[in-house]
Asker: 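The structure that follows is given in the form of structure tokens.
Values below: all heavy atoms of this structure, side chains included; hydrogens, waters and symmetry mates excluded.
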Amino acid sequence: RQDITSWSEGFRVVSGRALQQFSINLRDRLIDGNSLLVAQEAKFPIIYLLGERTRLLNTKKHLLRQSLLAVETVPRSGHFPMIDNPTDLARFLTV
């Protein structure tokens with residue numbers, strides 16, 4: 001829990017432009033599908049976490065429709081739950 005809170009603090013000092021590029025890169029990786037195919041082949045469980053107020057709701061719908069990965073929603077957060085709600089994210093991960 002403390003590690004996630006500490007890690008999330010790093011995002012607070014990054015420029016908004018850098019976070020935007022981070023989001024664009026993620027979107028592009030999701031669109032090409034390669035990372036999802038690799039994740040499906042993993043020999044360990046993978047859960048895709050989304051903030052409940054993310055603008056990537058289409059991604060959630062796509063993942064659920066394709067049954068590619070388990071998808072969970074972190075409450076009271078946007079696209080970066082580690083920034084918006086690190087406490088609940090940590091609680092979710094440690095249950």
Asker: If I take atom CZ from residue Arg27 and atom CG from residue Asp32, how far apart are they, to the nearest 0.5 angstrom?
Answerer: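 Going from CZ on Arg27 over to CG on Asp32, the span is 11.5 Å.
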Asker: Is Val38 reachable from Ile46 through a run of I, L, V, M, F, W or Y residues, each pair having side-chain heavy atoms under 4.5 Å apart?
Answerer: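 Ile46 and Val38: separate clusters.
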Asker: May I ask you to decide if Ser77's main-chain N or O and Asn85's side chain share a donor-acceptor pair within less than 3.5 Å?
Answerer: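 Not a single qualifying donor-acceptor pair exists.
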Asker: Is a side-chain donor or acceptor of Glu52 paired with a backbone partner of Arg76 at a separation under 3.5 angstrom?
Answerer: yes
Asker: Pro81 and Leu89: which non-hydrogen atoms are nearest, and at how many Å?
Answerer: C-CD2, 4.2 Å
Asker: Group every Ile, Leu, Val, Met, Phe, Trp and Tyr by side-chain heavy-atom contacts under 4.5 Å, then state whether Phe44 and Tyr48 land in the same group.
Answerer: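 The answer is yes; both residues are in one hydrophobic cluster.
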Asker: Do Ile24 and Phe22 sit in the same hydrophobic cluster, where Ile, Leu, Val, Met, Phe, Trp and Tyr count as joined when their side-chain heavy atoms come under 4.5 Å apart?
Answerer: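 In one cluster: no.
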